[in-house]
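First up is the structure itself, then whatever we jot down about it.
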Amino acid sequence: MIDLKYLQKNFDEASRKLLKKGVDTQTLENLKELFSNLKEANAKFEETKAEQNKMSKLFGMYMREKKDISELKVQIATKKEEIVELQSRAREANEALERVALSVPNFPDDSVPEGANEDDNIELKKVLEPREFDFRPKEHWELAEINGWIDFERGVKLAKSRFSVLRGESARLERALINFFLDVNRQKGFEEVCVPFINNASMLQGTGQLPKFADDLFKIDGEELYLIPTAEVPLTNLYNDEILTKKELPILLTGYTPCFRKEAGSAGRDTRGMIRQHQFDKVEMVAITTPEQSEEIFEMMVENASDILTQLGLPHRVVQLCDGDLGFSASKTIDLEVWLPGQDKYREISSISNTCDFQARRAKIRYREGKKNLLVHTLNGSALAVGRTLVAIMENYQNEDGSIDIPKVLKKYM
RNA sequence: CGGGAGAUGUCAGAGUGGUCGAAUGUGCCGGUCUUGAAAACCGGUGAGGGUAAUACCUCCGGGAGUUCGAAUCUCCCUCUCCCGGCCA
């Protein structure tokens, strides 16, 4: 959630920033008004409640002193009606505010370039030269068929479309990649954690998936529980509603989880192959930091994800997202795109974001600084998406006969 | 899934209708002492909102109710622990 006090005090600046994230001025005007409504409603309620509290104390005193309480009783009864009314008005004001506020995206960081969509993203650098092929490189699904690596049909049979089955070598490679990623992250100082793959609604709200993106989530029937769309949810919310000490920051976490996404709205995109599945494996990094630390940690996380790709010998490029392409919670995002020779293009394989205090405010994650409790910064990034790495290895390490070599660093994991 | 107990500040644990945001211990922060540390002693220390700062308001798992007044009484829900069943 954005800082509403900031919105109120710097409305023009705030609305200019959020325009880039597709929020119209109308919504922001509305939000500002709802916020001041709430403050007003609260003030009235509190004032009246204070009067009643005083009278109640008096009541007690009169009783003890055996004074006449009949008049006081009438006064209190009148006040009480007023309070009930004011309280429900304050509550409504709060609900009205939350309904809007929880669906307003984060401000882009000042350093983020302007742009309308992904076409305006900025390539910061390329790492490793794509290999020259003396034959037409195949796409991963052709290679999957030749090698018997991916059983798309049976995945669909077991669940539905956009599910698949890895068999034999590919299943082992998937497992090897997970272990490799976790080991690298651990060496960089991330604590490995193993978390529930199902989280409750409150946690999903904490990281920003709810209430706005409910349609993208698999919900457990009859429960307020959801399959996680990313390990970012459980890892970040590990500290939901907690107050940390400054000493324990930064907290660096890494974990492997499958991720579940409905992919509502992406019908027709990447229907072939396993680029876009309802279930995919990912190893995630999450950092909980002070505001001073977050930029440095952010760069470290980008560096780490890029390093993993380099160790695997996968050519990739580092892309800074423009403000128009930023996700809901992100203040700043850098994507890593891996080269897929079969598709003849770069495809996203990691996305690293600093949400600053946006998630911290929702999830109530704070740290103690002297006598004050301040919001932490939260960061997340993939290191890496496992299925897409598998695809990248298949396409980059293919031979003319369709066979696939295994990157050297993975040999000890196979 | 069946039976029993419980949910209070970092934790442990008092509090059973008013002056209780809450004893005490512990932890944490600061200080005295010490070459330094520990021990001992002294002081401070829940969260959110509000204010220039105070006032003031809300919060004792969550919700509804009784009452002038609820941590305390009633109802519902959730969760935890113990016993039994089932089970990796």
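In what follows, chains carry the letters A, B, and so on, assigned in the order in which the sequence lines appear, proteins first and then strands, with residues in each chain numbered from 1.
Within the structure, every side-chain polar atom (N or O) of A:Arg91 is placed at least 4.0 Å from both OP1 and OP2 of B:U58. A sub-4.0 Å separation between OP1 or OP2 of B:G48 and a side-chain N or O of A:Arg366 is present.
The separation of B:A23 from B:C79, taken at their C1' atoms, amounts to 27 Å, rounded to a whole angstrom. Separating the C1' atom of B:A55 from that of B:G62 is a span of 31 Å, rounded to the nearest Å. Spacing of P atoms, B:U80 relative to B:A88, comes out at 22 Å, to the nearest Å. Here, B:C77 and B:G85 have their P atoms 27 Å apart, quoted to the whole Å. Comparing the same atom, P, in B:G21 and in B:G69 gives a spacing of 16 Å after rounding to whole Å. Of the C1' atoms belonging to B:G61 and B:U72, the separation is 16 Å, rounded to the nearest Å. The separation of B:C68 from B:C11, taken at their C1' atoms, amounts to 38 Å, rounded to a whole angstrom. Remark: the separation of the P atoms in B:G9 and B:C60 is 11 Å, to the nearest Å.
If you take CD of A:Gln52 and C1' of B:U67, they are 11 Å apart, rounded to a whole angstrom. Taking atom CG on A:Asp241 and atom P on B:G9, their separation rounds to 12 Å, with Å as the unit. Between the CE atom of A:Met63 and the P atom of B:U67 there is a distance of 14 Å, given to the nearest Å. The NZ atom of A:Lys44 sits 18 Å away from the P atom of B:U58 (whole-angstrom rounding). At whole-Å resolution of the value, NZ in A:Lys364 and C1' in B:G46 are 16 Å apart. One interatomic measurement links the two molecules: CD1 of A:Ile83 to C1' of B:C68, which rounds to 11 Å at whole-angstrom precision. When rounded to the nearest whole Å, the span between CG of A:Asn94 and P of B:U58 equals 16 Å. Regarding A:Lys79, its NZ atom lies at a distance of 14 Å from the C1' atom of B:C68, rounded to whole Å.
Among the atoms of the strands shown, only primed sugar atoms or phosphate atoms (P, OP1, OP2) are found under 4.0 Å from some heavy atom of A:Ile243. At a threshold of 4.0 angstrom between heavy atoms, the contacts of A:Lys5 are confined to the sugar-phosphate backbone, with no base atom among them.
Remark: the backbone N or O of A:His140 is paired with a side-chain donor or acceptor of A:Glu395 at under 3.5 angstrom. At distances below 3.5 Å, at least one donor-acceptor pair connects side-chain atoms of A:Ser15 with backbone N or O atoms of A:Asp12.
Nearest-nucleotide assignment on RNA chain B puts the 5′-proximal partner with A:Met61, out of A:Met61 and A:Gln87. The 5' end of RNA chain B is approached more closely, in terms of each residue's nearest nucleotide, by A:Lys247 than by the other of A:Lys247 and A:Phe35.
Judged as a side chain to side chain donor-acceptor pair (under 3.5 Å), and not counting sequence neighbours, the contacts of A:Glu114 are A:Lys20. Partners of A:Gln293 by side chain to side chain donor-acceptor pair (under 3.5 Å), not counting sequence neighbours, listed by chain and number: A:Thr290. Looking at residues two or more places apart in sequence or on another chain, you find a side chain to side chain donor-acceptor pair (under 3.5 Å) between A:Glu295 and A:Lys332.
Residue A:Lys39 places its side chain closer to B:G50 than to any other of B:A47, B:C68, B:G50.
Shown here, B:A52 forms no base pair; nothing in the strands shown gives a Watson-Crick or G-U wobble contact with both key distances under 3.5 Å. When both distances must be under 3.5 Å, the Watson-Crick or G-U wobble mate of B:C20 does not exist. Pairing for B:U34 is absent, judged as Watson-Crick or G-U wobble with the two contacts each under 3.5 Å. With a cut-off of 3.5 Å on both pairing distances, B:U67 has no Watson-Crick or G-U wobble partner at all. In a base pair of the Watson-Crick type (N1 to N3 plus N6-O4 or O6-N4) or a G-U wobble (N1-O2 and O6-N3), with each distance short of 3.5 Å, B:G6 is matched with B:C79. Checking B:C59 for Watson-Crick or G-U wobble geometry (two distances, each under 3.5 Å) identifies B:G46 as its partner.
Of the candidates A:Glu47, A:Glu40, A:Glu46, A:Lys44 forms a salt bridge (Lys or Arg N to Asp or Glu O under 4.0 Å) with just one, namely A:Glu40.
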Considering only distance and modelled atom types, tabulate donor-acceptor pairs under 3.5 Å from the side chains of residues 50-61 of chain A, sequence neighbours left out.
residue, atom, partner, partner atom, Å
A:Glu51, OE1, A:Lys79, NZ, 2.5
A:Gln52, OE1, A:Lys49, NZ, 3.3
A:Ser56, OG, A:Gln52, O, 3.4

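Under the salt bridge (charged side-chain N to carboxylate O under 4.0 Å, His left out) criterion, the residue pairs touching residues 253-268 of chain A are A:Glu263-A:Arg276, with sequence neighbours excluded.
A ring-centre distance under 6.0 Å is found for A:Phe328 and A:Phe358.
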Polar-atom pairs under 3.5 Å, protein N or O versus N or O of nucleotides 52-57 of chain B: list them with distances, or write none.
residue, atom, partner, partner atom, Å
B:C57, OP1, A:Asn53, ND2, 2.8

